**Student:** 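Encoded as structure tokens, here's the structure I'll be asking about.
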Amino acid sequence: MKRMELMQRYLEQKHRTTLVHEQYLNTQREYAPGTALYMREIPFLVALGPDGPASVSSLAQKLEVTLGAVSQMAARLEKKGCVTRTPDPKNRRRTLVSLTEKGQRLYREHLDYDQANLARLAAYFSDFSDAELQRLIDAEIVFQQALRRHVPE
């Protein structure tokens, strides 16, 4: 098979993976009774963590997204009672975000969920050696770098 045909097949499979991943991220899960979160909201809670407030700008850097994206996510999670937003007392132009008690509980619940999910996923790859898994990781990094070169900032 020619190299270009292989690249086309790879891109088609990568596209299918992206669609499945998007569906996964857009699925709500109930981590605690009465509180459903989308999978795309979880990285925000994890980046914020239980150790105290973080600025919107520091969260944007951690999550590699825009300030606007963080602000929108914070607003959605505030409506769900997971976070609070307050002006920074040292700089009123900055907003600090903190987990509420409910947010901290969801954070802990997610850690448990994530460990169980990771174990299930590891079972799918049980036939892969560590070296093969590392090659998959390396391939993803190469793909990300190639895409970043072609995405306007």
Side-chain angles (χ1 to χ4, degrees), residues 10-128 130 132-148 151-153:
Y10 174 72
L11 290 174
E12 288 168 3
Q13 292 306 314
K14 191 67 171 163
H15 177 71
R16 288 186 179 119
T17 299
T18 300
L19 293 176
V20 171
H21 191 239
E22 273 296 309
Q23 184 179 15
Y24 176 77
L25 291 175
N26 290 321
T27 301
Q28 283 192 344
R29 288 180 176 66
E30 195 168 292
Y31 291 99
T35 304
L37 293 177
Y38 289 101
M39 291 303 293
R40 64 177 62 253
E41 293 170 325
I42 294 299
F44 186 96
L45 295 179
V46 171
L48 183 53
D51 295 329
S55 70
V56 168
S57 59
S58 69
L59 288 169
Q61 285 178 328
K62 272 186 181 178
L63 295 167
E64 297 182 20
V65 298
T66 65
L67 292 171
V70 169
S71 294
Q72 289 176 1
M73 184 70 68
R76 281 196 301 274
L77 289 170
E78 188 173 43
K79 285 179 185 175
K80 292 181 179 187
C82 299
V83 302
T84 58
R85 294 182 294 168
T86 56
D88 184 341
K90 296 176 186 169
N91 181 350
R92 305 289 288 172
R93 292 176 298 174
R94 285 179 34 162
T95 299
L96 298 177
V97 184
S98 300
L99 290 177
T100 61
E101 188 175 311
K102 179 180 182 178
Q104 290 182 18
R105 187 178 75 251
L106 290 168
Y107 171 86
R108 289 188 303 273
E109 292 287 334
H110 170 69
L111 294 181
D112 293 340
Y113 172 87
D114 203 34
Q115 287 303 306
N117 201 34
L118 188 57
R120 283 191 299 274
L121 190 57
Y124 287 118
F125 290 90
S126 62
D127 291 340
F128 285 65
D130 288 353
E132 289 169 323
L133 283 175
Q134 187 59 54
R135 280 197 295 276
L136 286 175
I137 293 166
D138 294 343
E140 288 298 320
I141 292 168
V142 167
F143 191 77
Q144 290 165 21
Q145 290 169 342
L147 283 180
R148 283 191 176 112
V151 176
E153 290 188 28

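Residues take their numbers from the sequence shown, with the count starting at 1. None of the values given here were measured: they were computed from a predicted structure.
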**Student:** Can you list the steps and then say if E132 with L136 is a side chain to side chain contact (heavy atoms under 4.5 Å, CB included)?
**Tutor:** CA-CA 6 Å; E132 289 169 323; L136 286 175; over 6 Å; no
**Student:** Go through the steps for V83 and L45 under the test side chain to side chain contact (heavy atoms under 4.5 Å, CB included), then give the verdict.
**Tutor:** CA-CA 8 Å; V83 302; L45 295 179; 4.1 Å; yes
**Student:** For D114, give me all partners under salt bridge (Lys or Arg N to Asp or Glu O under 4.0 Å), at least two apart in sequence or on another chain.
**Tutor:** none
**Student:** Evaluate the side-chain proximity of S98 to L48: yes if any heavy-atom separation is below 4.5 Å, no if none is.
**Tutor:** no
**Student:** So do the side chains of T84 and P53 get within less than 4.5 Å of each other, counting heavy atoms only?
**Tutor:** no
**Student:** Got a second to check how far E41's CD is from Q28's CD, nearest 0.5 Å?
**Tutor:** 7.5 Å
**Student:** Determine the minimum heavy-atom distance between T100 and G81, stating which atoms define it.
**Tutor:** OG1-O, 2.6 Å
**Student:** Between D112 and R108, is any pair of side-chain heavy atoms under 4.5 Å apart?
**Tutor:** no
**Student:** Tell me every residue that passes ring-ring contact (aromatic ring centres under 6.0 Å, His included) with Y38, counting only those two or more places apart in sequence or in another chain.
**Tutor:** none
**Student:** Are any of the side-chain heavy atoms of Q134 and I137 separated by less than 4.5 Å?
**Tutor:** yes
**Student:** Would you give the length of the straight line joining atom CG of D130 to atom CZ of F125, rounded to the nearest 0.5 angstrom?
**Tutor:** 13.0 Å
**Student:** Could you tell me the separation between the CG atom of L106 and the CG atom of L111, rounded to the nearest 0.5 Å?
**Tutor:** 11.0 Å
**Student:** Can you pull the ring pair (Phe, Tyr, Trp, His ring centres under 6.0 Å) pairs that have at least one residue in residues 69-112, sequence neighbours excluded?
**Tutor:** Y31-H110
**Student:** Quick check: closest heavy atoms across T27 and Q23, and the distance to 0.1 Å?
**Tutor:** OG1-O, 2.7 Å
**Student:** Is the shortest heavy-atom distance from the side chain of S55 to the side chain of D88 under 4.5 Å?
**Tutor:** no
**Student:** Measure across A47 and K62 and return the closest heavy-atom pair with its distance rounded to 0.1 Å.
**Tutor:** O-NZ, 2.9 Å
**Student:** Return the minimal non-hydrogen interatomic distance between V56 and S71, and the atom names on each side.
**Tutor:** CG1-OG, 3.9 Å
**Student:** Kindly compute the distance separating CG (L11) from CZ (F143), expressed to the nearest 0.5 Å.
**Tutor:** 5.5 Å
**Student:** Specify the closest pair of heavy atoms between V97 and A74, including all atoms of both residues, with the distance to one decimal.
**Tutor:** CG2-CB, 4.4 Å
**Student:** Is atom CD of Q144 surrounded by more than 12 heavy atoms (other residues, nucleotides or ligands) closer than 6.0 Å?
**Tutor:** yes
**Student:** Does the side chain of E22 reach to within under 4.5 Å of the side chain of R40, using non-hydrogen atoms?
**Tutor:** yes
**Student:** Check the pair L19, H15 against side chain to side chain contact (heavy atoms under 4.5 Å, CB included), reporting the backbone distance first and the verdict last.
**Tutor:** CA-CA 6 Å; L19 293 176; H15 177 71; 3.5 Å; yes
**Student:** Is it the case that more than 12 heavy atoms not belonging to E30 sit under 6.0 Å from its CD atom?
**Tutor:** yes
**Student:** Roughly how far apart are E109 CD and I42 CD1, rounded to 0.5 Å?
**Tutor:** 10.5 Å
**Student:** What distance separates D51 CG from Q104 CD, expressed to the nearest 0.5 Å?
**Tutor:** 9.0 Å
**Student:** What is the minimum heavy-atom distance between L99 and G49, and which atoms define it?
**Tutor:** CD1-O, 3.3 Å
**Student:** Please examine the side chains of L77 and L37, heavy atoms only from C-beta on, and report whether any two atoms are closer than 4.5 Å.
**Tutor:** yes
